[in-house]
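First comes the structure, then the notes that go with it.
Numbers for residues simply follow the sequence, beginning at 1. Because only heavy atoms are used, hydrogens play no part in the values below, and waters and symmetry mates are left out as well, while side chains stay in. Keep in mind it's a predicted model, so treat the numbers as computed, not measured. One-based numbering, in listed order, for ligands and for the atoms of each.
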Amino acid sequence: MTQHALIELLNDMTLEEKTGQLAQVPVVSCIGGISEPTGPMEAYSLTPELLKFCGSVICDRPVTAEDTANAIRSVMEEQPHHIPPVVMRDVIHGCHTVFPIPLAIGCTFDEAQAEAMGRCGAIEGAAKGLHVTFAPMLDVVRDPRWGRVMESPGESPALCAAMGAAMVRGTRGDGCDNKDRLAACAKHFVGYGLSQAGQEYAPIDVSRTELYNTYLPPFQAAVDAGAELVMSAFVAIDRTPCVCNEWLLKDVLRDRMGFDGVVISDWGDVEQLANHALAGDLSEAAQLSLQGGLTMDMMSMAYLKHLPQLVREGKVSEQAIDEACLKVLELKNKLGLFEDPFKNTSLEEEEKVCGCQEIRQAAYEAAVSSCVLLKNDGTLPLQSGIKVALTGSHADNGDILGGWSADGCYPIETLLQSFQKESRVALTDTANADVILYAIGERQQETGEDASKTKIELTAEQLDELKRLHALNKPVVLLLFCGRPLILTEALPYCNAVLNVWFPGTAGAAAIRALVMGDENPSGHLSMTVPRSLGQVPIHHDRLSSARPFKENSGFVNRYIDEVNDPLFPFGYGLSYTTFAIGEPRTVAPTVVEVPVTNTGDREGAAVVQVYARLRHGRLMQPDKRLIAWQKRTLQPDETQTLTFRITPDKLRLYDAAGNAVEPEGICDLAIGDRSDCAFNAHVVF
Ligand code: GLC
C-alpha cells in the first residue's frame, strides 16, 4: 500500500480499531493449544469482541504454518477493515534448526556466522508463517551470574554492534517483505545486562555517559542495519522504567538514533509499572506508557482495555493514538501483509524448508566456529586407533540446544550417538580407555531468562568425578556445555584439554566430534571473560582506567588482597590445533596499520587478529584497553597474510553525559594480538 492509502485507512478506522492495533495477545487465545509462556500468564479475560481488534499475536508456543494462518484468519475475518495481525516469536538462535547460542556466535568473531544464523532462523520462521522475531538481543553483558548472557554476543560493545547488525541483515535480507525473511526487533532497550549482582529482574544504575559509550552503540548499529522494531527493557533509567521513559524512547531512540519503527514492550511490562508504584491501575499504566513513547503493549492488555476510555476522558490524545497506530500499519506494510498476510507459505513449504540440508550445514559450521579450545596439552585432536570413554551428564542427552530453543527439532543427535558412528576410535569404559571425554555442564533450564545463579563453578559432584577420572592416570578432555562462562579454576589442573562448546545447537554433537577428531580445527575466541573467581565479577577486558593502576608488590593500588586481578581466561582468548605468529605491526599511514600473521604450525587454521586501543590523551576517561577491530583469516601451514586495519575516528569516538561526541585526537596506542591481554605494539595518530 502507498503511504497515502495507509493514512486513508487510518482515518477510516474507529478508535477501538486503532487502539486494538497497539495490542499484542497470546496466539493460544486465538487458536488454542498449550501456552509455553516466557512470562507470567494471567486470566486476561479476552473476549472475542476484544480479540478481533488486536494488532498482533505473540507465539507463546511452537507453531506450524497452519497455526499461524488460522490465527491470522481468526483475527482478520472479524476485523472491520480485515487488517491482518502481525505474528511475532522469539527466534533467537535459529528456529526449527537451532544454532549455537548467541554468546557462542560472538566467539566466532565472524559476522558472516551471525548473518547466517539470522538468515536461517528467518527462513524457517517465515516458512512457519511468522512475521517478526524478537532478536537480536544486544545487551552488553559483564556478569555471568545473569542467565541471559547466553542471548548476547558478549561483553564488547564493538563486537555486540557488529554481530547484532549482521544478525539484523541476515534476518531481514534486502527487505522483510521477502517471503523468506522476518522483521527484526532489537532488544532489550536498554541496559538490562547491568541487572545488579546478575540477579534477574533486579534494578540497574547507569550513567548517561555509560549509556552513550557502552550500551547504546549496539542498538544504533541494529537501527542502522534496518531493525524494524525495538523492545523496551524491564529496567529503568533515571528511576523511570524504559517502557514509559520519554527521554529514552523519544529523545534518544527516535530523535538521536533515528529510529522510526515500532517500540514494543517486553512481556507484561506496562502492567508492571504498578510494581514500581508508578501506576495505580492498568489504565494509568497505559497512559504513562503511551505518553512515554511505547507503540505496542505486549501481553498486559492495558492498551486493549483502557486506551479508548483514556481518549474519551481526554487523558490521552487521539493524535498520539494515530501516531502509534500508523507505526504499526507501516510495519505491516513493510512486511507486505496487506498483500499477503500468510507469507505465501504452507505446511508443505514448512516441511520442505525446516531442517533442510543447507540450514543444517550452516548450523554445523556455526557450532564448529564457536567452540573455544581453552586448554590442550596435545591430547586433542584424538589419534586414530585409540580407545575412548565418553562419560558425563551431557554424553548422551539432547540437553545441548540451550535456552530460547522452543521450536528446536527433536530428537537431537547426542554426543554418544555421534561417536557411535566414529570408526577411527573404539568406545569403551573409563577403566579400559586411552583417553576419557568428560561431557558435563549446565542444564538448559539453568540458562536464559529467569536463570540467574550465585554459583557458577562446576558442582561438587562434577569436580569429584573429574578428580576420580584424573586419578585413573589417563588424559581427560573436558567438554563443557554452558550458557555462561563457568569458573574452572579448581577443575583446570585435572584436565588435559578443555573444549568450551557452550550450547552448540542441533548440529552440536557432530561439530564436537569433528573438532575432537581433528576433522575441524577450533577457532573460537572468548566473547566474554572467564573469571578466576566469583569475587572478581563483574570483570571484563574494557574496564575504565583506575587512578591507581595495579603495580606488582605495591600497596594502595587497584587490586584485591586475596585474589589476582587477571581472569582465568581473558576476553578474545582461544587456542587452535595449529599456532600463529602475529608479527610487528607497521603504521603505513597516520591511521592505517598493517600486521603480518603466519601459520607456524602444521595444519590449516583460522586466526582471529584483534585490535585493542587506548588514546594517550583525551577529555574523557576511557577503558585501559577496548576492542575496536578484528579480522578472522584462514591460513595454510607456513602461510603469511598481511592484514590492514584502518582505524577510523568512529572506532575511538567517546560521548559525554549530554551525548556530545568527543573525537579522538593525537596518539592512539594499539595492542594487536589474539587475546585482550596482548601488549601494546603499535600506534596511530589522529
Ligand atoms: C520475555 C523476554 C523477551 C522476550 C519476550 C517474549 O520476557 O524478556 O526477551 O522476547 O518475553 O517472549
Side-chain angles (χ1 to χ4, degrees), residues 23-29 35-42 44 54 56-63 85-95 101-103 118 121 125 128 130-141 146-153 160 164 167-168 171 182-195 198-202 204 218-219 222 227-236 241-243 262-273 275 294-301 402-408 445 447-452 483:
Q24 184 173 75
V25 302
V27 78
V28 293
S29 54
S35 177
E36 293 178 17
T38 57
M41 282 298 268
E42 297 172 27
Y44 295 107
C54 79
S56 176
V57 292
I58 175 173
C59 297
D60 51 330
R61 68 170 173 78
V63 290
V86 52
V87 182
M88 304 191 193
R89 178 140 178 88
D90 294 285
V91 178
I92 308 296
H93 51 111
C95 191
I101 55 174
L103 189 64
K128 285 170 169 278
L130 302 180
H131 302 145
V132 172
T133 175
F134 297 124
M137 187 270 214
L138 295 177
D139 298 304
V140 172
V141 292
W146 192 42
R148 303 197 73 167
V149 300
M150 57 131 315
E151 295 175 60
S152 163
C160 279
M167 288 176 197
V168 170
T171 299
L182 301 175
C185 175
K187 69 182 184 185
H188 305 83
F189 193 70
V190 67
Y192 189 7
L194 279 161
S195 297
Q199 188 186 52
E200 188 57 289
Y201 314 128
I204 72 168
F219 287 91
E228 289 85 358
L229 299 92
V230 165
M231 180 188 295
S232 61
F234 285 133
V235 295
C242 295
V243 70
V262 168
V263 180
I264 185 168
S265 78
D266 204 337
W267 184 293
D269 205 19
V270 172
E271 179 176 22
Q272 289 160 185
L273 290 176
N275 301 332
L294 183 78
T295 315
M296 184 174 278
D297 163 23
M298 179 198 292
M299 289 296 293
S300 86
M301 313 310 160
W404 297 105
S405 52
D407 281 78
Q445 54 270 46
T447 75
E449 185 170 4
D450 189 22
S452 289

Does ligand 1 have any atom sitting under 4.0 Å from a heavy atom of [X]?
{"X": "Asp60", "answer": "no"}
{"X": "Met231", "answer": "yes"}
{"X": "Met137", "answer": "no"}
{"X": "His188", "answer": "yes"}

Look only at the side chain of Ser265 and the backbone of Met298, and say whether a donor-acceptor pair between them is shorter than 3.5 Å.
->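 Such a contact is found between Ser265 side chain and Met298 backbone.
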
Protein contact to [atom] [nearest heavy atom, distance to 0.1 Å]:
{"atom": "atom 10 (O) of ligand 1", "result": "Asp90 OD1, 2.5 Å"}
{"atom": "atom 11 (O) of ligand 1", "result": "Asp266 OD1, 3.1 Å"}
{"atom": "atom 1 (C) of ligand 1", "result": "Glu449 OE1, 3.1 Å"}

Going by the atom numbers of ligand 1, which of them fall below 4.0 Å from some non-hydrogen atom of [X]?
{"X": "Lys187", "value": "3 (C), 4 (C), 9 (O), 10 (O)"}
{"X": "Phe134", "value": "10 (O)"}
{"X": "Arg148", "value": "2 (C), 3 (C), 8 (O), 9 (O)"}

What is the ring orientation for Tyr201 with Phe234, classed by angle as parallel under 30°, tilted 30 to 60°, or perpendicular over 60°?
-> perpendicular

Check whether any N or O atom of Trp267, backbone or side chain, sits under 3.5 Å from an N or O atom of ligand 1, and answer yes or no.
->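 For ligand 1, there is no N or O atom that lies under 3.5 Å from one belonging to Trp267.
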
Ligand 1 N/O within reach of Tyr192 N/O, cut-off under 3.5 Å =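 Between Tyr192 and ligand 1, no N or O pair is found under 3.5 Å apart.
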
Check each heavy atom of Met88 against ligand 1 and say whether those closer than 4.0 Å belong to the side chain, the backbone, both or neither.
-> neither

Check against side-chain contact (heavy atoms from CB on, under 4.5 Å), Val63 and Leu130 | CA-CA 9 Å; Val63 290; Leu130 302 180; 3.9 Å; yes

Atom CG in Leu138, atom CE in Met231: separation rounded to 0.5 Å?
-> 11.5 Å

If every non-hydrogen atom of [X] is compared with every non-hydrogen atom of [Y], which pair is closest and at what distance?
{"X": "Pro85", "Y": "Cys54", "result": "CB-O, 4.4 Å"}
{"X": "Arg61", "Y": "Ser35", "result": "CB-CA, 4.5 Å"}
{"X": "Met301", "Y": "Pro26", "result": "CE-CD, 3.8 Å"}

Passes side chain to side chain donor-acceptor pair (under 3.5 Å), Ser56 versus Gln24? Steps please.
-> CA-CA 5 Å; Ser56 176; Gln24 184 173 75; 2.9 Å; yes

Less than 4.0 Å between a side-chain N and a carboxylate O, is that true for Arg148 and Glu449?
->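 Salt bridge between Glu449 and Arg148, a charged N being under 4.0 Å from a carboxylate O: yes.
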
